[in-house]
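Following: one structure in structure tokens, then a few remarks.
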Amino acid sequence: MDEITIPKPDDWHLHLRDGAMLEGVLPFTARHFARAIIMPNLVPPVVTAADARAYRDRIMAALPAELDFTPLMTLYLTETTDRADVAAAHASGLATAVKLYPAGATTNSHSGVRDLGKVMPVLEKMAEIGMPLCIHGEVTDAEVDIFDREAVFIETVLDPLRRRLPELRITLEHVTTSDGVNYVGAAEANLAATITTHHLMINRNAILAGGIKPHYYCLPVAKRETHRLALRRAATSGDPRFFLGTDSAPHVDPLKECACGCAGIFTAINTLSCLAHVFEEEAALGTLEAFASRNGPGWYGLPVNNETVTLRKRPSAVEWPDRIETGDGPVTVFDPMTPVHWEVA
Ligand code: DOR
Ligand code: ZN
């Protein structure tokens with residue numbers, strides 16, 4: 001098979017940033033995706049319905065006129081989030097989900113949650129109205145090894161939360177481990193997971209072998225090869241609980257290439273090409289449609305897109321720019337470290 005046509009995909013986890021960066025990166029996503037769940041970790045974060053409305057307006061203002069794209073907004077959960085505001089944002093269709101960042105887990109997460117007890121009234125309300133909670137699933141304890149933070153989070157935070165509030169619909173974002181895949185796969189209801197493109201393509205060697213490579217650093221950090229293979233099995237399985245969330249997270253190069261570089265990999269440009277490559281390697285091109293275009297809408301209760309996208313395999317490798325220029329500065333594009341022959345037609 002050297003050509004595949006699928007319903008236009010959606011990206012169920014995306015960082016668009018704001019201002020000049022938003023303008024620089026949005027067209028790449030809007031060309032290949034119909035909708036995306038927009039992460040709220042701006043500075044300051046998108047906490048209230050009013051914040052989300054204003055941010056959505058800025059996204060739509062930055063969208064080139066010839067492109068069709070729907071941002072699905074999220075609200076950043078803080079310990080002072082107002083549950084009536086959250087419920088109203090959901091009821092009006094403004095906010096699709098709420099995002100939980102454990103405070104300190106990642107970029108701009110310091111306003112996140114330290115004590116889950118403080119946000120239980122909001123979570124109870126969300127369970128009642130059927131509003132999903134997107135979770136960055138890593139503990140932040142300094143004594144927990146960074147490669148174990150997802151597994152420890154599942155055991156010590158996620159599982160107790162699900163037992164306490166089984167009706168809450170939870171999206172475990174960017175799973176990176178076999179622990180995560182197995183936990184989601186064993187859940188009876190109300191749990192799904194996104195998987196990024198880069199976690200299907202790289203393991204931790206990409207960051208650390210042969211020199212330190214900041215452009216492969218993201219959070220959750222890529223794990224060892226056995227975990228990458230588990231992610232590939234989940235993504236290609238067709239299981240409706242697993243779907244694409246690219247976590248495309250642009251940072252300008254000076255903030256990546258320094259003594260304390262930011263976490264984030266910019267994949268919006270080449271995600272679909274890379275995914276076709278991965279699914280072909282796994283002899284699973286037939287389930288790409290489920291992963292990229294069907295399972296996400298199914299979970300979020302939205303229609304599958306009517307438009308289609310065709311991916312075509314060509315003899316020579318597809319080329320992307322090494323970096324894009326934005327008004328904020330250059331942003332390096334994800335290098336899959338292998339020739340990729342699938343292009344978006
Ligand atoms: O690598 C990441 N980058 N992981 C996150 O959780 C946040 C994101 C960002 O905002 O840069
Ligand atoms: Zn993210």
Side-chain angles (χ1 to χ4, degrees), residues 10-13 35-40 72-77 81 83 86-91 93-102 105 112-113 115-139 150-196 220 230-231 233-235 237-245 247 290-304:
D10 304 300
D11 185 349
W12 300 97
H13 181 130
R35 298 169 293 204
I37 288 260
I38 309 301
M39 286 299 121
L72 303 172
M73 307 309 291
T74 60
L75 303 177
Y76 185 120
L77 185 62
T81 286
R83 64 186 198 153
V86 169
H90 186 248
L94 171 66
T96 300
V98 168
K99 175 72 187 243
L100 187 163
Y101 289 103
V113 176
D115 175 1
L116 255 193
K118 295 205 172 121
V119 297
M120 280 313 288
V122 181
L123 301 185
E124 283 162 7
K125 185 75 195 171
M126 290 168 59
E128 184 191 317
I129 63 178
M131 185 178 196
L133 178 70
C134 297
I135 298 186
H136 183 110
E138 289 190 288
V139 292
E150 182 173 291
V152 172
F153 181 91
I154 290 168
E155 192 184 321
T156 63
V157 182
L158 180 58
D159 195 59
L161 172 62
R162 290 186 58 243
R163 285 173 197 279
R164 184 160 166 194
L165 210 50
E167 314 80 43
L168 181 64
R169 296 167 54 74
I170 294 174
T171 315
L172 183 60
E173 303 274 33
H174 41 49
V175 281
T176 59
T177 58
S178 57
D179 312 74
V181 162
N182 293 341
Y183 184 75
V184 173
E188 274 167 27
N190 293 339
L191 185 63
T194 59
I195 300 177
T196 78
L231 296 174
R233 282 193 295 275
S237 66
D239 184 327
R241 291 169 296 189
F242 297 101
F243 46 87
L244 174 65
D247 201 8
F291 181 69
S293 312
R294 291 194 181 276
N295 295 349
W299 169 249
Y300 281 101
L302 294 166
V304 172

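The model shown is predicted, which means the values in this text are computed figures rather than measured ones. All heavy atoms count here, side chains included; hydrogens, waters and symmetry mates do not.
In this structure, CD1 in Ile154 is found 9.0 Å from CG in Asp159, a value given to the nearest 0.5 Å. For the atom pair CH2 of Trp12 and OG1 of Thr96, the computed distance is 7.5 Å after rounding to the nearest 0.5 Å. Lys99 NZ to Leu77 CG: the interatomic distance, rounded to the nearest 0.5 Å, is 11.5 Å. Once rounded to the nearest 0.5 Å, the distance linking CG of Leu231 with OG1 of Thr196 reads 8.0 Å. Interatomic distance, Ile195 CD1 to Leu172 CG, rounded to the nearest 0.5 Å: 10.0 Å.
Scanning all heavy atoms of the two residues, the minimum distance from Val184 to Ala193 falls at CG2-CB, 3.9 Å. Residue Arg241 comes nearest to Ala187 through the heavy atom pair NH1-O, 2.9 Å, listed as atom of the first residue, atom of the second, then distance.
Using a 4.5 Å heavy-atom threshold, the side chains of Val122 and Val98 count as separate. For the pair Leu244/Thr194, no side-chain contact is recorded, criterion being any heavy-atom separation below 4.5 Å from C-beta on. Using a 4.5 Å cut-off on side-chain heavy atoms (C-beta onward), Ile38 and Leu72 make no contact. Looking only at side-chain heavy atoms (C-beta outward), Leu116 and Val113 come within less than 4.5 Å of each other. No side-chain heavy atom of Ile170 sits less than 4.5 Å from a side-chain heavy atom of Leu100. Here the side chains of Leu168 and Asn190 are not in contact, with every heavy-atom distance at 4.5 Å or above.
Checked by atom type and distance alone, the side chain of Arg83 pairs as donor or acceptor with a backbone atom of Pro121 at under 3.5 Å.
In this structure, the side chain to side chain contact (heavy atoms under 4.5 Å, CB included) partners of Arg233, at least two apart in sequence or on a different chain, are Leu229, Ala230. By the side chain to side chain contact (heavy atoms under 4.5 Å, CB included) test, Asn182 pairs with Ser178, sequence neighbours left out. In this structure Thr81 satisfies the side chain to side chain donor-acceptor pair (under 3.5 Å) test together with Thr78, sequence neighbours excluded. For Tyr76, the ring pair (Phe, Tyr, Trp, His ring centres under 6.0 Å) test picks out Tyr101, with sequence neighbours left out. Qualifying salt bridge (charged side-chain N to carboxylate O under 4.0 Å, His left out) partners for Asp10, counting only residues two or more places apart in sequence or in other chains: Arg35. Residues that satisfy the side chain to side chain donor-acceptor pair (under 3.5 Å) test with Arg162, not counting sequence neighbours, are Tyr183.
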What donor-acceptor contacts under 3.5 angstrom involve side-chain atoms of residues 124-139, with partners at least two apart or in another chain?
| residue | atom | partner | partner atom | Å |
| --- | --- | --- | --- | --- |
| Lys125 | NZ | Glu128 | OE2 | 3.3 |
| His136 | ND1 | His174 | NE2 | 3.4 |
| His136 | NE2 | Glu138 | OE1 | 2.8 |

Distance-only criterion, 3.5 Å: show the donor-acceptor pairs between side-chain atoms of residues 291-303 and protein atoms not counting sequence neighbours.
| residue | atom | partner | partner atom | Å |
| --- | --- | --- | --- | --- |
| Ser293 | OG | Pro7 | O | 2.6 |
| Arg294 | NE | Glu289 | OE2 | 2.6 |
| Arg294 | NH2 | Glu289 | OE2 | 2.9 |
| Asn295 | ND2 | Asp239 | O | 3.1 |
| Asn295 | ND2 | Phe242 | O | 3.1 |
| Asn295 | ND2 | Ala290 | O | 3.3 |
| Trp299 | NE1 | Thr171 | OG1 | 2.9 |
| Tyr300 | OH | Thr171 | OG1 | 3.0 |

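For residues 170-188, the set of pairs meeting the salt bridge (Lys or Arg N to Asp or Glu O under 4.0 Å) definition, not counting sequence neighbours, is empty.
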What do the steps show when you test Glu167 against Leu165 for side-chain contact (heavy atoms from CB on, under 4.5 Å), and what is the final call? CA-CA 6 Å; Glu167 314 80 43; Leu165 210 50; 4.0 Å; yes
